[in-house]
Amino acid sequence: MKVAVACDHGGFRLKETVLEVVRKSGHEAIDLGTHSTDPVDYPDYAEKVGLALQHGEVDRGILICGSGVGAAVAANKMRGIRAGVCHDTYSAHQSVEHDDVNVLALGARIIGPELTVELVQAFLGASFTGEERHIRRLSKVSNLERCGSDLEDV
Ligand code: RB5
C-alpha cells in the first residue's frame with residue numbers, strides 16, 4: 001500500500017518512527033511534512049493527507065499531532081475521509097475492519113515510539129471486512145457528510 005504520513009510540530013518527534021515502521025512493514029511511505037518542530041497548523045497537514053486519499057494517490061494516511069484529536073477532527077471534515085485517534089491496538093485494527101477507517105491519527109504527546117510501532121502495524125495489517133452491516137452503517141456515515149450543508153454558518 002501507499003501510505004501518506006504527515007504531522008504538525010507537536011507530532012514531529014514521532015514521524016520518523018512512523019515512516020520507518022510503514023517501510024519495514026513492506027509499504028511505501030509518502031512524507032507530506034512537516035519537516036521540523038517550527039510551529040505549523042495541523043489542518044494544513046490533515047488537508048495534505050486527505051487530498052492524497054481523495055485523489056487516489058495513496059491507500060491510507062497517518063496523521064500525528066500533539067493529541068491526535070485536532071488532526072482527526074480536521075481530516076474528518078473532508079469527504080470520504082474516516083480518521084480515528086487510536087492509542088490502543090484493538091482500536092487500531094478494529095476501526096479499519098468495521099469502520100473502514102483510512103486515516104490513523106496519533107498523539108505524539110501521549111504515546112511513545114514502541115506503542116506507535118504496534119499501532120501502525122495493527123492499522124496497516126487490517127482490512128475492511130465488507131460485511132453488510134458495516135456497509136450499511138458506513139453508508140449512513142457518508143450521508144452525514146451532506147448534513148448541514150444548507151445552513152449559512154455554523
Ligand atoms: C499543537 O500545539 C497542538 O495543539 C496540536 O498538535 C494538536 O494536539 C491538536 O490537536
Side-chain angles (χ1 to χ4, degrees), residues 1-25 27-55 57-126 128 137-138 140-149 151 153-154:
M1 285 192 290
K2 282 190 178 180
V3 184
V5 178
C7 65
D8 72 354
H9 54 292
F12 181 71
R13 75 175 185 87
L14 272 189
K15 192 180 68 169
E16 276 309 315
T17 301
V18 170
L19 290 169
E20 192 179 305
V21 65
V22 169
R23 290 175 183 138
K24 280 189 175 163
S25 303
H27 303 287
E28 184 180 345
I30 318 283
D31 182 354
L32 297 180
T34 190
H35 300 289
S36 77
T37 53
D38 293 345
V40 292
D41 298 332
Y42 63 80
D44 297 335
Y45 292 86
E47 182 182 23
K48 287 176 195 285
V49 168
L51 286 174
L53 277 161
Q54 287 179 333
H55 294 159
E57 294 158 6
V58 297
D59 307 290
R60 300 266 180 99
I62 301 177
L63 281 166
I64 321 150
C65 67
S67 64
V69 174
V73 167
N76 279 320
K77 298 290 181 190
M78 298 179 72
R79 184 168 298 179
I81 305 306
R82 294 172 298 279
V85 183
C86 299
H87 288 159
D88 66 274
T89 54
Y90 176 76
S91 302
H93 67 81
Q94 191 259 9
S95 61
V96 176
E97 291 158 358
H98 289 198
D99 312 325
D100 204 13
V101 155
N102 49 15
V103 174
L104 172 67
L106 300 173
R109 293 176 184 160
I110 301 169
I111 57 171
E114 290 83 3
L115 180 54
T116 298
V117 169
E118 293 188 14
L119 294 169
V120 171
Q121 286 172 339
F123 172 66
L124 296 180
F128 179 54
R137 291 163 189 160
L138 284 165
K140 293 184 179 186
V141 170
S142 293
N143 290 341
L144 292 175
E145 289 178 333
R146 289 191 293 276
C147 193
S149 55
L151 299 174
D153 260 318
V154 180

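First listed ligand is number 1; within each ligand, the first listed atom is number 1.
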Could you tell me the separation between the CG atom of N102 and the CD1 atom of I62, rounded to the nearest 0.5 Å? 11.5 Å
Short list, please: which atoms of ligand 1 are under 4.0 Å from a heavy atom of Y42? 9 (C)
Check ring pair (Phe, Tyr, Trp, His ring centres under 6.0 Å) between H87 and all other residues, then give those that pass, not counting sequence neighbours. none
Stacked cation flag K48 on Y45, 6.0 angstrom / 45 deg: yes
the protein heavy atom lying closest to atom 1 (C) of ligand 1 turns out to be H9 NE2, 3.5 Å
A71 to ligand 1: N or O pair under 3.5 Å? no
Mind checking side chain to side chain donor-acceptor pair (under 3.5 Å) for R146 and listing every partner two or more places apart, or none if nothing turns up? N143
Suppose I only count heavy atoms of G66 and a 4.0 Å limit; which atoms of ligand 1 are within that range? 5 (C), 6 (O), 7 (C), 8 (O)
Return the closest protein heavy atom for atom 4 (O) of ligand 1 as residue, atom name and distance. R109 NH1, 4.5 Å
So does M1 get a backbone contact from the side chain of H27, meaning a donor-acceptor N/O pair under 3.5 Å? yes
Nearest to atom 5 (C) of ligand 1, what protein heavy atom do you find, and at what distance? D8 OD2, 3.2 Å
Examine G70 against ligand 1 and note whether any of their N/O atoms are separated by less than 3.5 Å. yes
Mind checking the OG-CG spacing from S142 to L144? Nearest 0.5 Å is all I need. 8.5 Å
